[in-house]
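All ligand and atom numbering here is 1-based and tracks the order in the structure.
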Amino acid sequence: MRTHCLKFLAFATLFSVAASLSAQQPAAPKHEDTEVYEPVPPVVTPGASNAAPPSDAIVLFDGKNLDEWVSAQDKSPAKWAVADGVMTVSKVPGVGNIETKRSFKDYQLHVEWKIPTNITGSDQARGNSGVFLASTGPKDAGYELQVLDSYNNKTYVNGQAGSIYKQAIPLANPNRKPGEWQSYDVVWTAPRFNDDGSVKTPAYVTVFFNGIVVQNHFELKGETLYVGKPVYKKYDTAPIKLQAHGDHSEPISFRNIWVRELH
Ligand code: MG
């Protein structure tokens, strides 16, 4: 009898160990395990072309007025000329750069620009303007995506059209001739800062120039400076700024500017 009992106990113990081992075995993977249903991406209606603003874009310039823009110097109304659906950099001394009234963090931006047909000059003095992806002060403070006539115009390659000024050489030169409209499509990831002003995560930028990728998730080293090494300055959100460089023979024009904030 005692032997039977022991046998039964041994069997029961083995059975329970086996059962608990089998309970610990991970279940076989199922296709549902890797399928998520939340959050649902918002519905966005695309524009009629890739250049037209989609349904959730903030239109910064639709050819009618500069209501979304102010002087970068003193925040007074922007004084660039608007005619025939186009804004043109002012040649009037002192008018200077303009920037958006709104401030942004991470975004997708579309902007079109044109070098005048009768442009003259060379190097950096030939159709120089710029899109500051974050304006951190008046004048040229911030992060500049260069605008320049680089169709047939030699300059330092980290300062040609499509460059992140003095930081990133464009991966290609898809410039059109002066007189033709060109486009930038930008994905900007703003830098993040710690409370003490040190960099938590750097800025990144991807740029399509006339549909060609010229910057591919480039990690910025700081603000784009004319003289000296790039350095970061703490900010949270910032306007987008257009440059009145002032040293070209004929002014640069812009049109069709819109932005989609990324959250
Ligand atoms: Mg410039």
*Kindly report the OD1-the Mg ion (ligand 1)-O angle for Asn128 and Ser129 respectively, rounded to 10°.*
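Rounding to the nearest 10 degrees gives 80°.
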_Can you tell me how the ring of Tyr232 sits relative to the ring of Tyr143, calling it parallel under 30°, perpendicular over 60° and tilted otherwise?_
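Tilted, since the angle between the ring planes falls between 30° and 60°.
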task = Check the angle between the aromatic planes of Tyr204 and His217 and answer parallel, tilted or perpendicular using the 30° and 60° thresholds.
result =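 Parallel, since the angle between the ring planes stays under 30°.
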Counting backbone and side chain alike, does [X] bring an N/O/S atom below 2.8 Å of the Mg ion (ligand 1)?
X      : result
Gln124 : no
Tyr165 : no
Glu144 : yes

Check Lys105 with Asp236, please: is the shortest side-chain N to carboxylate O separation under 4.0 Å?
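The answer is yes: the pair qualifies as a salt bridge.
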> Honestly, is Arg255 close enough over Trp181, meaning NZ or CZ under 6.0 Å from the six-membered ring centre and within 45° of the axis?
Replying inline: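 Relative to the ring axis of Trp181, which defines the angle, Arg255 lies inside both limits.
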